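Below: the structure, in structure tokens.
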Amino acid sequence: MKKLAFFDAKPYDKIWFEKLKGDYGFEFKYFENKLNADSAVTAKGYDGVVIFVNDTADKKTLEVLYENGISVIALRCAGYNNVDFSAAFGKIHVVRVPAYSPYAVAEHAAALLLTLNRKVHRAYNRTREYNFSLSGLTGFDLHGKTVGVVGTGKIGQVFIDICRGFGMKVLAFDPYPNEGRGIDYVSFEKLCQKSDIISLHCPLTPSTRHMINKDSLSSMKDGVYLINTSRGAMIDSEALLEAIKAQKVGGAGLDVYEEESDLFFEDYSGSIIQDEILARLISMPNVIVTSHQAFLTNEALFNIAKITLENLKEFYNGEGLSNEICYQCQKQGKCVKTKNTRCF
Ligand code: NAD
């Protein structure tokens, strides 16, 4: 029986892994703490490691894991910006769940937009105190507005379909356009200038880090709404805060935050938050922060567990790894891996 160290474990993670593990013959030890260079040694004696978005698999962590006999890391998520792939290459195979429910994330992006625009978060608080005033709750029709979608992969496309359902005009930017879906692709600069709402759906890479910054924000329409369900560091949070204070940005729906890893997924309601930018953002009436919950549907949790277990089964059976990823994969066409082989 293969024993796996499962980091950053939460009750909702365990449900499907516990239900399905019997079919695969795996045993899980659930660690509530996150993986990092200090905690990596706890993986000693295990056959593999299962991690999530805010675990750290940097060079130092990978060295400790490798020294302790770990040869596979299973990411139970799609994004992989927390892994140093060049340090892992040739030593530790990294598998992920490339898609588990694009609907979950796209629908959450839509929920943030609708809530922000129609001030549902404020109305909810008011009526709980029998305050039935409508002052300050005016929104705008989404119908006829222009939404700019950055990244038209699996999630971006579902979000586009949702927006089209509302009668919105869609502009998109993606360096690898998805032709044949009738999407109106424009440059990132034009998208910023023309959109009433901008929603981010691309991975965090060196080229997308802080793509929403002082310059791009200044080129946007006054009162633009920003929705981010991708990765926090795509937005320079300080620049966003300034743009909100200057009323350049009319609303921001943030499911992710660039400094989220020390905070999100935990209860700090009895603590003093030291992150001044996050605290100020949360204090704004036109900002909604959710703590990286866009993926959190029953369907997504089932698929995450099932695909992670399949990935591990392929690894231990010595088969090709359908969902392996390495730094060569990220350079289009450079990886030797085919559908039925491994990256190394
Ligand atoms: P995907 O790989 O299907 O699509 C990503 C798209 O982004 C691709 O079309 C790609 O060409 C495009 N892209 C790459 N570089 C770009 C750039 N510089 N500018 C614009 N577009 C670029 O991925 P997906 O499944 O649609 O997921 C998108 C992102 O959503 C993930 O990378 C992840 O960070 C995030 N995500 C968040 C949650 C959550 O719970 N908040 C859950 C899942 C995924």
Side-chain angles (χ1 to χ4, degrees), residues 8 10 12-13 51-55 75-83 85 96-113 147-163 170-181 183-192 195 198-213 216 226-235 252-258 260-261 264-265 288-301 303-304 307-308 323 325 329-333:
D8 202 10
K10 296 284 180 289
Y12 49 79
D13 285 319
I51 65 171
F52 196 48
V53 293
N54 287 327
D55 290 297
L75 292 164
R76 48 184 203 278
C77 52
Y80 42 76
N81 51 286
N82 50 343
V83 179
F85 282 99
R96 67 172 182 137
V97 183
Y100 41 85
S101 172
Y103 310 105
V105 183
E107 287 170 14
H108 191 76
L112 287 173
L113 172 57
V147 61
V149 178
V150 180
T152 56
K154 294 175 283 296
I155 296 169
Q157 284 182 45
V158 176
F159 185 71
I160 286 172
D161 290 342
I162 292 171
C163 291
V170 178
L171 296 178
F173 168 68
D174 193 312
Y176 306 100
N178 191 344
E179 305 297 353
R181 297 232 347 149
I183 298 171
D184 188 2
Y185 284 100
V186 295
S187 65
F188 178 63
E189 289 70 26
K190 190 163 177 198
L191 181 145
C192 289
S195 302
I198 295 176
S199 192
L200 305 178
H201 298 288
C202 62
L204 177 62
T205 65
S207 71
T208 62
R209 181 175 291 275
H210 284 191
M211 76 192 294
I212 305 298
N213 55 31
S216 53
L226 284 177
I227 307 293
N228 189 7
T229 55
S230 57
R231 285 292 181 268
M234 295 202 31
I235 298 182
L254 309 173
D255 185 51
V256 285
Y257 173 66
E258 61 180 325
E260 71 179 46
S261 60
F264 282 17
F265 310 133
I288 296 178
V289 174
T290 53
S291 37
H292 209 135
Q293 73 173 71
F295 73 99
L296 199 62
T297 66
N298 291 323
E299 292 80 358
L301 290 172
N303 288 329
I304 286 170
I307 297 166
T308 303
N323 296 317
I325 183 149
C329 298
Q330 292 161 55
K331 300 180 199 156
Q332 301 263 319

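Start at 1 and go down the list; that is how both ligands and their atoms are numbered. Positions are given from 1 along the sequence. The structure presented is a predicted model; accordingly, all values stated were derived computationally and were not measured.
The protein heavy-atom contact nearest to atom 4 (O) of ligand 1 is Gly153 CA, 3.2 Å. Of all protein heavy atoms, the one closest to atom 33 (C) of ligand 1 is Arg231 NH1, 3.6 Å. The shortest contact between atom 28 (C) of ligand 1 and any protein heavy atom is with His201 O, 3.3 Å. The shortest contact between atom 18 (N) of ligand 1 and any protein heavy atom is with Thr208 CG2, 3.1 Å. Among all protein heavy atoms, the one lying closest to atom 19 (N) of ligand 1 is Phe173 CE2, 3.2 Å. Taking atom 1 (P) of ligand 1 as the reference point, the nearest protein heavy-atom neighbour is Lys154 NZ, 3.7 Å. Regarding atom 29 (C) of ligand 1, its nearest protein heavy-atom neighbour is Cys202 O, 4.0 Å. Nearest to atom 20 (C) of ligand 1 among the protein's heavy atoms is Pro175 CD, 3.5 Å.
Between the side chains of Glu258 and His210, at least one donor N or O lies within less than 3.5 Å of an accepting N or O. Between the side chains of Tyr185 and Thr152, at least one donor N or O lies within less than 3.5 Å of an accepting N or O. Asp255 and Gln293 are not linked by any side-chain donor-acceptor pair at a separation below 3.5 angstrom, with hydrogens and angles left out of the test.
Look at Val105 and you'll find a heavy atom under 4.0 Å from some atom of ligand 1. Residue contacts with ligand 1 include Ser230, since one or more of its heavy atoms lies under 4.0 Å from the ligand.
Of the possible polar contacts, one joining the Asn303 side chain to the Glu299 backbone as a donor-acceptor pair under 3.5 Å is found. For the pair Asn81 (side chain) and Leu204 (backbone), a donor-acceptor distance under 3.5 Å is absent.
Considering both main-chain and side-chain atoms, Thr229 comes within under 3.5 Å of ligand 1 through a nitrogen or oxygen pair.
Shown are Ile227, Thr229, Ile235; of these, the side chain to side chain contact (heavy atoms under 4.5 Å, CB included) with Leu200 is made only by Ile235.
Heavy atoms of Asn178 found under 4.0 angstrom from ligand 1: none, in either backbone or side chain. Of all the heavy atoms of Phe188, none lies under 4.0 Å from any atom of ligand 1, so neither backbone nor side chain is involved.
Between Asp184 and Lys190 there is no salt bridge, since no side-chain nitrogen of the basic residue lies less than 4.0 Å from a carboxylate oxygen of the acidic one.
In this structure, of Asp174, Asn228, Leu296, the residue bringing a heavy atom nearest to atom 11 (O) of ligand 1 is Asp174. The residue from Leu191, Asp255, Ile155, Thr290 that puts a heavy atom closest to atom 24 (P) of ligand 1 is Ile155. Comparing Pro203, Gly151, Ala294, Ser291 against atom 5 (C) of ligand 1, the shortest heavy-atom distance belongs to Pro203. The residue from Phe295, Tyr100, Phe159 that puts a heavy atom closest to atom 43 (C) of ligand 1 is Tyr100.
The local environment of CZ in Phe188 is crowded, with over 12 non-hydrogen atoms from other residues, nucleotides or ligands closer than 6.0 Å.
Taking CZ from Phe264 and NE2 from His292, the interatomic distance works out to 9.0 Å, rounded to the nearest 0.5 Å.
Atoms of ligand 1 lying under 4.0 Å from at least one heavy atom of Val150, given by number and element, are 20 (C).
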